[in-house]
Amino acid sequence: MLTTLRRIIQDVTAASSLDEVLNLVVHHVKKYMAVEVVSVYLTDFERKQHVLMVTEGLKAEAVGTVRLGLDEGLVGLVAQRAELVNLDDAQLHPRFKFFSESGEAKYHSFLGVPLIHQRKVLGVLVVQRKLKRHFAEDRVTFLITLAAQLAGAIAHAQASDGDSVSRIRHSARERFVAGVPGAPGVGIGTAVAVYASVGLSTVPDREVTDVEAEIAAFRAAVKSATDEMRGMRRRLQRVLPVEERALFDAYALLINSDSLMSGTIERIRAGNWAQGALREVIQGNARRFEDMDDDYLRERADDIREVGRRILLHLQKRASTERDYPRRTILVGEEITATQLAEVPHKRLAAVVSGRGSSSSHVAILARAMGIPAVMGAVDVSPAKVDGRELIADGYQGRVYIQPSAVVRREYARLLREENRLSQELKELKDLPAVTPDGVRIPLYVNTGLLADITPSLKSGAEGVGLYRTEFPFAIRESFPGEEEQSEIYGQVLRAFAPRPVILRTLDVGGDKALPYFPVVEDNPFLGWRGIRITLDHPEIFITQMRAMLRAASGLDNLHVLLPMVSDLSEVDEAMRLINQALGELNEEGVPVTRPRLGVMIEVPSAVYQAESLARRVDFFSIGTNDLTQYLLAVDRNNARVAKLFNSLHPSVLHALVQVIDAGHKYGKTVSVCGDLGGDPAGAILLLGMGIDSLSMTVASLPRVKWVLRTFTRRRARALAQKALEMEDSVSIRAMLNNALEQAGLGSLVWTGRRGEE
Ligand code: PEP
Ligand code: MG
């Protein structure tokens with residue numbers, strides 16, 4: 001059974017259209033279950049009907065014409081109950097509905113199972129037989145297991161295959177793929193699919209459009225690979241004996257060998273693109289060596305593959321940098337990296353759609369920092385199938401429309417106009433202080449990690465940088481940046497904002513933030529080697545970063561240092577020891593440095609419970625509500641399947657916030673929030689009410705939050721926070737806060753601040 005299931009799923013996932021998916025399903029099921037009828041009904045949500053989409057066994061003319069109301073017939077019963085119905089004689093059941101055009105009069109036994117994707121019934125899979133007997137347990141479990149896996153493939157095909165979907169008349173309004181909100185805003189543009197760099201064996205064949213350009217790209221990649229080999233040989237001169245270094249000469253010779261060069265060029269001329277042609281030649285050559293008797297020669301197959309991999313890397317690098325991006329590019333990928341995002345010229349990037357991740361993934365955070373709308377967790381958007389098509393990405397609601405109708409496009413154009421109007425209004429707040437009507441000043445800072453953000457941040461009226469994520473400059477390089485390079489970057493931020501405070505966070509990699517040159521492979525990366533755990537294990541990285549920060553701040557005096565992912569007091573003690581070491585070294589070197597203010601991120605539950613001890617050690621707290629929510633609720637911030645459970649307004653998160661704020665204040669320390677909750681208008685009300693000292697957020701959120709603060713008194717916010725803390729679920733809390741925003745005349749923030757979690 002397992003093999004059959006696997007084969008069916010494999011076929012179905014490789015299918016290119018909804019029709020093909022459905023035909024494959026009925027064909028395989030009929031064969032394996034040896035039944036007379038197999039049919040699939042899909043739900044037409046606009047017309048509120050289940051429509052017969054495909055059948056083997058019933059009359060062909062019934063397809064598209066047999067339609068049942070949502071609670072009609074046995075199919076309706078299966079869908080309503082969202083569970084299987086197994087009958088020995090369907091015709092005796094009170095819900096049986098007879099369709100003369102289907103020719104089902106002769107079939108008695110009936111087994112219907114629902115097709116459910118993300119809790120939604122998409123349709124029903126039905127098998128029927130003449131025999132009057134219940135379906136046996138093994139048949140039933142087979143069909144249930146199959147249906148559970150098929151539903152995803154059907155949803156996927158429905159999403160990418162507009163034509164087949166329109167056959168069941170989904171309304172334009174409904175024809176979107178659901179994801180989760182990643183970064184607010186709406187992008188209308190052309191999809192550009194991006195993929196992770198693939199290994200040689202997985203490079204696909206692709207038709208070449210410009211043969212000469214492809215040959216030139218191949219020659220250039222060969223040249224770069226040869227230069228690289230020679231460079232390696234030179235660098236290893238002092239450490240390797242001459243005979244070992246000869247290996248690099250051998251590689252260089254192999255790269256330029258006639259069989260590789262002319263073989264690949266020949267295949268490009270035959271119509272394959274350079275990457276596919278290279279794969280063919282390398283695999284052919286490697287196979288010939290593998291077949292040899294001589295051990296030494298057999299091992300040369302590995303050398304050939306290594307050479308192929310090197311050339312491929314250069315080809316892929318060129319392909320990504322030379323790409324021609326449309327004027328309004330919507331980047332679509334199963335997983336989008338920071339580098340891929342950075343490759344698109346900023347003006348051309350209209351939105352980002354990622355198959356994986358959620359609003360707290362780092363790509364989403366980066367998108368927010370850049371003011372680019374993003375939809376995350378859109379698992380049913382297939383990058384290859386939407387490439388080049390028109391898309392609308394709604395980052396507020398987490399929806400993607402593929403080839404939207406004129407009605408949908410018009411509606412979104414209207415929303416964009418409305419949003420621009422709101423931004424215009426908010427601009428007027430730029431130079432006004434963030435002070436509540438009862439006189440409480442709450443400084444507003446920005447979260448950033450990009451130098452490009454400095455000017456917009458200053459223009460937005462930010463009073464400093466509340467979180468500078470140093471991992472971004474690390475992520476877009478090819479090796480760890482040195483002290484000089486880092487100091488230059490930090491200096492630009494510190495100088496631009498001086499005398500206003502700038503909080504530089506020490507490197508927070510691990511989790512979902514991998515550095516291309518420092519791979520960390522773990523089973524549970526978010527519970528593993530991450531943030532301060534890595535930098536304390538590599539004091540050379542920590543000290544280099546600290547020296548760079550201290551040198552950059554020399555003479556400015558606005559540096560604050562923030563430690564990420566602290567889960568144990570000893571980590572703070574150890575970090576302080578290293579900071580002292582860096583200070584001592586620089587003093588000895590005659591660099592005028594001053595001790596920075598030191599803070600910890602409160603983002604792990606253990607830090608909440610030891611907040612008082614932490615407060616005794618440091619100068620300030622910055623609460624990372626993204627990770628705090630992830631770790632308190634045990635919900636992976638990147639997993640789209642559980643994205644609905646990720647909610648920073650969860651009562652347990654709110655109670656933790658109060659505890660941390662009170663602990664900080666008990667020792668006279670300032671407490672800020674730099675997680676996303678601080679940039680959410682509803683969250684800002686609560687935090688104001690809880691007594692927060694300052695907030696840090698993306699540039700885009702800043703004017704909205706300022707508007708909230710200038711509208712709500714602390715007194716009113718305190719009453720709302722008190723009420724929220726007595727509530728038992730986040731849906732009621734969100735509703736209560738939205739209501740308060742609307743009553744205060746800030747209703748437009750409810751729409752544009754919508755997170756889609758409820
Ligand atoms: C957080 O966890 O809330 C936070 C601000 O840090 P990051 O999102 O970079 O992990
Ligand atoms: Mg964090």
Side-chain angles (χ1 to χ4, degrees), residues 181-183 338 357-370 374 376 444-450 453 465-475 503-515 520 525-535 560-567 571 599-608 620-639 643 646-650 653-654 656-657 660-661 671-680 683-684 686-687 692 694-699 701-702 705 755:
S358 69
S359 73
S360 33
S361 309
H362 284 92
V363 181
I365 290 172
L366 194 55
R368 284 201 292 280
M370 295 164 80
M376 306 296 293
L444 296 185
Y445 302 122
V446 279
N447 289 351
T448 178
L450 306 169
D453 249 8
V465 175
L467 170 64
Y468 184 88
R469 293 182 165 96
T470 56
E471 49 278 7
F472 289 150
F474 276 71
I503 301 180
L504 299 182
R505 182 171 74 182
T506 63
L507 190 63
D508 183 20
V509 290
D512 68 329
K513 291 178 280 192
L515 296 175
V520 178
F526 275 111
L527 301 182
W529 211 37
R530 191 192 157 189
I532 198 158
R533 299 173 182 178
I534 294 187
T535 50
H560 293 52
V561 172
L562 182 61
L563 306 174
M565 216 19 220
V566 167
S567 61
E571 290 161 342
V600 283
M601 299 256 332
I602 305 288
E603 52 182 350
V604 177
S606 61
V608 173
F620 66 96
F621 283 168
S622 189
I623 310 177
T625 50
N626 308 339
D627 276 314
L628 188 58
T629 305
Q630 151 164 279
Y631 294 122
L632 272 177
L633 305 185
V635 176
D636 180 345
R637 63 193 267 183
N638 282 310
N639 185 340
F646 186 95
N647 195 329
S648 297
L649 289 182
H650 190 288
V653 178
L654 302 190
L657 292 172
V660 174
I661 295 171
V671 185
S672 178
V673 164
C674 63
D676 282 353
L677 188 68
D680 174 356
L686 285 184
L687 293 164
I692 204 78
S694 58
L695 294 171
S696 190
M697 63 208 66
T698 61
V699 188
S701 307
L702 202 134
V705 170
R755 296 241 177 268

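Each ligand, and each atom within it, is numbered from 1 in the order the structure gives.
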query: Got an N/O contact under 3.5 Å between Arg505 and ligand 1?
result: yes

query: Passes side-chain contact (heavy atoms from CB on, under 4.5 Å), Asn647 versus Thr629? Steps please.
result: CA-CA 7 Å; Asn647 195 329; Thr629 305; 5.6 Å; no

task: Supply the atom-to-atom distance Leu687 CG to Leu657 CG, rounded to the nearest 0.5 angstrom.
output: 6.0 Å

query: Relative to the heavy atoms of Met601, which atoms of ligand 1 are at a distance of less than 4.0 Å?
result: 4 (C), 5 (C), 6 (O)

- prompt: Step by step, would you call Arg530 with Asp627 a side-chain contact (heavy atoms from CB on, under 4.5 Å)?
  reply: CA-CA 12 Å; Arg530 191 192 157 189; Asp627 276 314; 2.9 Å; yes

query: With backbone taken as N, CA, C and O and side chain as the heavy atoms from C-beta onward, which portion of Met565 lies under 4.0 Å from ligand 1: side chain, backbone, both, or neither?
result: neither

Sub-4.0 Å atoms of ligand 1 with respect to non-hydrogen atoms of Leu467: 5 (C)

field: Derivation and outcome, side-chain contact (heavy atoms from CB on, under 4.5 Å), residues Val699 and Leu702
entry: CA-CA 5 Å; Val699 188; Leu702 202 134; 5.6 Å; no

- request: Would you check if there is a donor-acceptor pair between the side chains of Ser696 and Ser672 at a distance under 3.5 Å?
  value: no

- prompt: Roughly how far apart are Tyr468 OH and Thr506 OG1, rounded to 0.5 Å?
  reply: 13.5 Å

- prompt: Would Arg469 and Arg505 count as a side-chain contact (heavy atoms from CB on, under 4.5 Å) if you check the C-alpha gap in whole Å, the side-chain angles of each, and the deciding distance to 0.1 Å?
  reply: CA-CA 6 Å; Arg469 293 182 165 96; Arg505 182 171 74 182; 3.4 Å; yes

- prompt: Any nitrogen or oxygen of Glu471, main chain or side chain, under 3.5 Å from a nitrogen or oxygen of ligand 1?
  reply: no

- request: Have a look at Arg368 and tell me which of Asp676, Asn447, Thr698 forms a side chain to side chain donor-acceptor pair (under 3.5 Å) with it.
  value: Asp676

- request: Identify which of Arg469, Met697, Gln630 has a heavy atom lying nearest to atom 5 (C) of ligand 1.
  value: Arg469

query: Do Asp508 and Arg533 sit within salt-bridge range, that is, some charged N less than 4.0 Å from a carboxylate O?
result: no

message: One residue to check: Thr625. Relative to ligand 1, which of side chain, backbone, both or neither has a non-hydrogen atom less than 4.0 Å away?
response: backbone

- request: Please list, chain by chain and in numerical order, all residues satisfying ring pair (Phe, Tyr, Trp, His ring centres under 6.0 Å) with His560, sequence neighbours excluded.
  value: Phe620

query: For ligand 1, which atoms sit closer than 4.0 Å to a heavy atom of Arg530?
result: 10 (O)

query: Among the protein atoms near the Mg ion (ligand 2), how many are N, O or S and lie under 2.8 Å away?
result: 2

statement: With heavy atoms and a 4.0 Å threshold, my read on which part of Leu628 contacts ligand 1 is neither

